[in-house]
Amino acid sequence: MEKDFFEMVYQVVRLIPQGRVTSYGAIAKYLGSAKSSRIVGYAMNGSHQQKILVPAQRVVNRNGLLTGKIHFATPNTMQELLEQEGVKIKNDKVVDFEELFWDPSEELKL
DNA sequence: GTAATGACCTTGG
DNA sequence: ACCAAGGCCATTA
């Protein structure tokens with residue numbers, strides 16, 4: 001199966017506070033594989049398969065760009081959800097991304 | 001079994 | 001500063 005890596009990714013993503021965002025690399029790094037950022041994105045691809053809803057809209061790339069919005073129900077869903085949580089989006093990218101950035105390695109630590 | 005792809009990141013020219 | 005290439009892990013063809 002997709003195994004623990006995916007599960008861990010989902011866990012971390014669910015732990016992201018509302019109105020906050022993080023990056024694939026941060027999650028991958030927290031999981032121990034900083035180079036596996038792609039896998040994190042891939043995991044998000046199957047997030048909709050999970051029984052529990054995964055706030056994948058809070059996960060963006062390092063640029064704060066909503067690269068994965070196209071994988072949502074509609075390319076506008078991601079932005080809509082983020083705006084609902086108070087995150088402002090400009091040109092498909094998070095406003096004040098650095099401030100809203102939520103690093104699991106810093107917040108959750110070990 | 002090998003080869004190619006992907007919601008990425010880092011480094012080199 | 002901008003453009004190009006490589007790497008890494010898992011899934012799919």
Side-chain angles (χ1 to χ4, degrees):
Chain A
M1 289 288 289
E2 301 73 37
K3 299 197 140 293
D4 306 298
F5 200 91
F6 278 42
E7 288 281 329
M8 302 244 295
V9 173
Y10 299 140
Q11 286 276 34
V12 176
V13 174
R14 292 195 203 108
L15 290 173
I16 301 173
Q18 196 176 56
R20 293 296 207 95
V21 290
T22 187
S23 65
Y24 305 93
I27 298 173
K29 186 175 184 178
Y30 174 72
L31 294 178
S33 303
K35 329 289 185 60
S36 310
S37 47
R38 310 186 69 153
I39 314 303
V40 177
Y42 208 92
M44 294 285 89
N45 200 334
S47 60
H48 70 98
Q49 300 175 15
Q50 292 302 307
K51 300 190 289 189
I52 310 176
L53 266 295
V54 181
Q57 67 272 13
R58 296 176 190 159
V59 185
V60 294
N61 69 342
R62 202 192 171 302
N63 279 316
L65 190 70
L66 282 62
T67 52
K69 64 171 193 171
I70 54 181
H71 283 269
F72 278 76
T74 67
N76 221 45
T77 308
M78 192 171 187
Q79 181 173 334
E80 290 271 327
L81 290 169
L82 284 171
E83 287 182 340
Q84 277 185 16
E85 296 183 0
V87 180
K88 292 169 184 171
I89 308 301
K90 184 107 177 190
N91 283 339
D92 295 343
K93 55 182 198 253
V94 179
V95 180
D96 296 330
F97 174 66
E98 297 181 12
E99 296 183 12
L100 297 175
F101 184 77
W102 182 82
D103 191 347
S105 298
E106 292 291 313
E107 301 295 329
L108 299 177
K109 305 237 168 157
L110 291 173

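Just the heavy atoms: all of them, side chains too, but no hydrogens, waters or symmetry mates, feed the values below. Proteins come first, then strands; the chains are lettered A, B, ... in the order of their sequence lines, and each starts at number 1.
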Do the side chains of A/V94 and A/M78 join up, straight or via other hydrophobic residues, at under 4.5 Å, putting them in one cluster?
yes
With distance as the sole test, does A/N63 use its side chain to make a donor-acceptor pair with the main-chain N or O of A/L65 at under 3.5 Å?
no
Using a 4.0 Å heavy-atom cut-off, write out nucleotides 4-11 of chain B from 5' to 3' as B (base contacted by protein), S (sugar-phosphate only) or - (no contact).
--BBBSS-
Inter-residue atom distance A/Q79.CD - A/K93.NZ, 0.5 Å rounding
11.5 Å
Is there a donor-acceptor pair closer than 3.5 Å between any side-chain N or O of A/R58 and the backbone N or O of A/I16?
yes
Could you give the distance separating C/dA5 and B/dT5 at their P atoms, to the nearest angstrom?
16 Å
Looking at CZ of A/F6 and CE of A/M44, how far apart are the two atoms once the value is rounded to the nearest 0.5 Å?
9.0 Å
